[in-house]
2 protein chains.
Amino acid sequence: MKPKITLKDIARELEVSISTVSKALKNSEEISRDTKDKIQAFAKLYNYKPNNIAVSLKNRRTKNIGVIIPDIVHHFFTTVIRGIEKYANAKGYNVLVCVSNEGYEREVINMELLANGSIDGFIMSLSTETQQKNDYNHIKEVTDQGIPMVMFDRVTDRINCDKVVIDDAQGAFLAVKKFVESGKKKIALITTDDYLSVGKARTEGYKKALSHYNIPLEESLILKLPSMEVEASAFDTFFKTQEVDAVLCVNEIFAIHAMRLAHGMNKRIPEDISFIGFTDGLLSKFAMPSLTAIAQHGELMGEEAARMLIEKVETENEEETFSTTVLEPTLIERDSTL
Amino acid sequence: MKPKITLKDIARELEVSISTVSKALKNSEEISRDTKDKIQAFAKLYNYKPNNIAVSLKNRRTKNIGVIIPDIVHHFFTTVIRGIEKYANAKGYNVLVCVSNEGYEREVINMELLANGSIDGFIMSLSTETQQKNDYNHIKEVTDQGIPMVMFDRVTDRINCDKVVIDDAQGAFLAVKKFVESGKKKIALITTDDYLSVGKARTEGYKKALSHYNIPLEESLILKLPSMEVEASAFDTFFKTQEVDAVLCVNEIFAIHAMRLAHGMNKRIPEDISFIGFTDGLLSKFAMPSLTAIAQHGELMGEEAARMLIEKVETENEEETFSTTVLEPTLIERDSTL
DNA sequence: AAAAGTTACGAAACCGTTTTCGTGTTAATA
DNA sequence: TATTAACACGAAAACGGTTTCGTAACTTTT
């Protein structure tokens, strides 16, 4: 049990002042070679490391970035975190992860907690509940305090800050394009309610693509689920009542579930019915048949978000100027499409 | 842009001393009702929140706990984090997540960084590289400083600290039991090299179960992969040369891959060949057929680890006494077994 | 009316750094 | 030799809180 050594300890031991020690360890020109050598050697011997908290207090910079995500047990978000970590660590920053658990309350609490000096900036993705309530005052308060903020994926234009998203509409467009080009005509969409920003954009892209390819839009081919949970009965009735030859799903789970149903109805995949799912995660790769997917490039998104944030944190923010980076989705072709 | 208000600001504005403000906000008996009311009202009006960093410096307690995991894009670890978050948040702690990316170097760097005052204690799982090198000096240094530490899942007995693991051997035993009881005789094991603590324990459990059921151990039925990566060729030759009717895999991916191969060889699952995989993750649930799995109870593990850590952090550690919690695995029966 | 006890507050130390500014000593210049 | 400049270091303030202790002004006790 050897407790941490401080500047004061070194100063006392070497009979110099604290300031001298501090400067010597920073290799300041002010201090003589002899004294520096002595102090540096002593510090190394006792494995001196400055106390982060004290440094943070003094510099008003913590070198921590706060990340608020809706759910950590979710492949997409973890890839984003990986990207953030990667970039942030390389720049000497730590990542403080807080999970809102898709709830408004926890999002608020976590942000307030972190905003009181624990972090230099935020990277966040909105919880569904926050999106439903459409209440962003907690975020506004943070940005008003001058704390840099980058939102990713689930963003809102009610807040003025840097953002990084993928072009969800374009992703849906790519999927429909793929279907059309392989001769599909009755293209269904399984999505969530519109309050989820991404669900909305994807639905728009789907509709746009249909009109682009002169396929009449049939509202009955759009299945809207109230949440991200799989509601088996809704799927059942949908597939029993609708005649479709291609299905675009806004997430993997929906797609896997739908494929199972189709399989159970003795349809051949992809000949009789094709599938494409958003978010190219583990399930897509390992499904049977493997699922053609629209990749969200989470890791890239995380890196970009971290880049933007650290940029803002490290520059004396003269003018408030915000930008939105739009990443292009990619279609990963597998066995669920022709 | 309204910057944070400090005690000093309030004191100046209300023409009292800083100490009075501090005490008033803590509702100290020392301060008169009148003054407290005035100060509290003012503080609320200007939304005063104490600066975490300053409080941490003074109290030498950060209310942060550091979590070091090998990989964040991994279902098991994320469930553990969820458990940690859940418990820690309820106790008013934040979670600082750092990813070692299965590397020794990053593990050391991250720990040193966090150990300099950023956190009150560690929860960690060893990177594979650290386990291979068998070098735990960086961890020893941290515990020597009196920083509380809890290790989970991938632990080592070279370090004296609290631990929480699941009984991996018992998990393997359960799986073999299941196979035997459904009439299987030629039971294979697909695992990784022994340096991974969990792989070793699982292999032991497998062997123990075989002997318990009087099934001769055939080393040729054990396929050892050098890493967690799926090596397709190794799988191929194994299944071409060995006659098996049940396969236990140390992770989902191995199991899914093996099932595919069996499927490709026109074997019926589970009649001709059954499968069980460790780590009851998404893939197991959504595989086709769905995979019988040994649940690791990651969330529970996380909660328990957090509980142990916070217990240590919050008690004046009189005596050094460490304990290991062993969680019981559970067999989740699905369609890949009879 | 003097002694003792309360009440309500402020001064100051402290946590561990960083950084500005002042100063005693020595060396270079006039 | 007196003046100035360079050098090497220390004192002290600051970051934003918490907490101990001291004390002026009253109130109560004897």
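Residue numbers begin at 1 in each chain, while the letters A, B, ... track the order of the sequences.
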Distances for protein N/O vs nucleotides 11-13 of chain C N/O pairs under 3.5 angstrom?
residue : atom : partner : partner atom : Å
C/dA11  : N7   : B/Ser19 : OG           : 3.3
C/dA11  : N6   : B/Ser19 : OG           : 3.2

Please report, rounded to the nearest Å, how far the [atom2] atom of [N] is from the [atom1] atom of [X].
X       : N      : atom1 : atom2 : value
A/Asn59 : C/dG16 : CG    : P     : 16 Å
B/Lys26 : D/dT20 : NZ    : P     : 12 Å
B/Arg61 : D/dG17 : CZ    : P     : 19 Å
B/Glu29 : C/dT7  : CD    : C1'   : 12 Å
A/Glu15 : D/dG10 : CD    : C1'   : 14 Å

Modelled atom types, side-chain donor and acceptor of B/Ser22 and B/Ser19, under 3.5 Å: no

Under a 3.5 Å cutoff, is there a donor and acceptor pairing between the side chains of B/Asn94 and B/Lys63?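 Checked: B/Asn94/B/Lys63 side chains show no N/O donor-acceptor pair below 3.5 Å.
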
Which of these nucleotides, [options], is closest to any side-chain atom of [X]?
X       : options                : answer
A/Ala54 : C/dT17, D/dT18, D/dC9  : C/dT17
B/Leu57 : D/dT18, C/dT18, C/dG16 : C/dG16
B/Arg60 : C/dG16, D/dG17, C/dT17 : C/dG16
B/Thr20 : C/dG10, C/dT20, C/dG16 : C/dG10

Report yes if a side-chain nitrogen or oxygen of [X] is closer than 4.0 Å to either non-bridging phosphate oxygen (OP1 or OP2) of [N]; otherwise report no.
X       : N      : answer
A/Ser32 : D/dC9  : yes
A/Thr35 : D/dC9  : yes
A/Lys8  : C/dC15 : yes
B/Ser22 : D/dT18 : yes
B/Tyr48 : D/dG16 : no

Got a salt bridge between [X] and [Y], using NZ or NE/NH1/NH2 to carboxylate O under 4.0 Å?
X        : Y        : value
B/Arg307 : B/Glu304 : yes
B/Arg33  : B/Asp37  : yes
A/Arg61  : A/Asp120 : yes
A/Glu102 : A/Arg154 : yes

Just how far is it from atom CE of B/Met151 to atom CD1 of B/Ile139, taken to the nearest 0.5 Å?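 Between atom CE of B/Met151 and atom CD1 of B/Ile139 there are 5.0 Å.
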
Pairwise side-chain contact, A/Arg82 with A/Phe77, heavy-atom cut-off 4.5 Å (strictly under):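 Contact flag for A/Arg82/A/Phe77 side chains = no.
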
For the helix from C/dA1-D/dT30 to C/dA30-D/dT1, figure out the bend between the end axes, five pairs an end, and round to 10 degrees.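 One end axis against the other gives 70°.
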
